[in-house]
Amino acid sequence: MTNEVTVPLLPCASIDDIESFYGVLGFHTTYKQRKPNPCVGVQREDLQLQFFEIPGFDPEQSYGSCLVLTGDIEGLHRAFAAGMRAAYGKVLVSGTPRMTRPRARKNADGVGGFSVIDPGGNWIRVFRHAATAPVPATAPAGRLAKALANAVVQADSRGAVGQAVRILDSALARPQADDDPVEQVELLVYRAELAMVLHDPETAAEMLARARSVTLTEGESERAASAFDAAAELAAAMR
């Protein structure tokens with residue numbers, strides 16, 4: 001059989017907060033009820049999610065999660081980011097809710113992805129559909145790139161931000177002459193993002209300043225462009 005549809009059912013503390021947040025991301029409400037059990041359904045094109053309210057539910061303790069496969073993670077991320085900027089004046093990178101940036105995932109054969117952590121603490125994990133956009137399974141070669149890949153697994157996939165910070169801080173504490181300066185910028189910017197997640201704006205500002213001070217050639221500056229875009233987004237979120 002074909003054309004089956006699976007719709008995740010995820011927990012939350014407030015269906016009103018869920019409805020409002022997903023509205024910001026471009027979803028519309030398909031169903032909502034208060035009794036006998038509070039629940040809400042939202043949809044954006046072919047992406048459907050449903051939520052049920054639990055009194056006293058703590059989003060920080062949520063294990064709710066689902067996968068979204070798409071051929072255009074960048075486009076979906078841009079749309080979500082635009083909605084956040086319009087509603088909140090910035091992309092939410094810390095607290096709950098928040099959104100990570102698209103990155104290759106070492107634990108997903110290098111396939112790119114990002115996550116939305118919604119008001120219910122649910123992780124909506126968006127991955128590139130390998131069937132439509134295969135990614136070569138090439139492992140990072142540089143020392144800093146390997147550290148970054150390992151940190152992304154811990155923070156972006158597992159939510160273990162503290163462990164990711166330890167990986168990055170260890171790599172940054174042992175600079176080597178042959179370190180790729182672009183990888184250094186990428187590492188510093190990601191460390192700044194994790195500082196924001198940990199509500200540590202002083203460290204975030206320090207890491208962004210260090211990233212801006214890295215000496216780059218013209219070609220290296222082009223390679224680091226996406227990292228500097230992320231840095232600008234983080235700086236805007238700190239204001």
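All of these numbers come straight from a predicted model, not from anything done at the bench. Position 1 is the first residue of the sequence, and the numbers go up from there.
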Salt bridge Glu233-Arg85, side-chain N to carboxylate O under 4.0 Å: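 Counted as a salt bridge, because a side-chain N and a carboxylate O are separated by less than 4.0 Å.
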
More than 12 heavy atoms of other groups within 6.0 Å of Asp58 CG: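 Correct, the count exceeds 12.
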
Would a distance-only check, ignoring hydrogens and angles, find a side-chain to backbone donor-acceptor pair under 3.5 Å from [X] to [Y]?
X	Y	value
Arg210	Leu188	no
Asp179	Pro175	no
Glu53	Pro55	no

Residues Arg103, Glu193; criterion salt bridge (charged side-chain N to carboxylate O under 4.0 Å, His left out); working and verdict: CA-CA 13 Å; Arg103 296 185 181 90; Glu193 180 177 326; 2.4 Å; yes

Set of side-chain contact (heavy atoms from CB on, under 4.5 Å) partners for Lys32, sequence neighbours left out: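 Listed in chain order: Ile15, Asp16, Glu19, Thr29, Arg34, Val40.
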
Verdict with reasoning, Ser65 to Arg125, per side-chain hydrogen bond (donor to acceptor under 3.5 Å, both in side chains): CA-CA 7 Å; Ser65 183; Arg125 304 170 188 271; 2.9 Å; yes

Tyr22: partners by ring-ring contact (aromatic ring centres under 6.0 Å, His included), with sequence neighbours left out: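 With sequence neighbours excluded, Tyr22 shows a ring-ring contact (aromatic ring centres under 6.0 Å, His included) to Phe27, Phe51, given in chain and number order.
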
Any residue meeting ring-ring contact (aromatic ring centres under 6.0 Å, His included) with Phe21, in chain and number order, not counting sequence neighbours: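 Phe21: no ring-ring contact (aromatic ring centres under 6.0 Å, His included) contacts found.
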
Which atom of Arg101 lies closest to which atom of Asp156, heavy atoms considered: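 Shortest heavy-atom separation between Arg101 and Asp156 comes out as O-OD2, 4.3 Å.
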
Student check: side-chain heavy atoms of Gln154 and Ile167 closer than 4.5 Å: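 In short, these two side chains touch, coming nearer than 4.5 Å.
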
Residue pair Arg191, Thr203: steps toward the side-chain contact (heavy atoms from CB on, under 4.5 Å) verdict: CA-CA 9 Å; Arg191 179 63 179 88; Thr203 297; 3.9 Å; yes

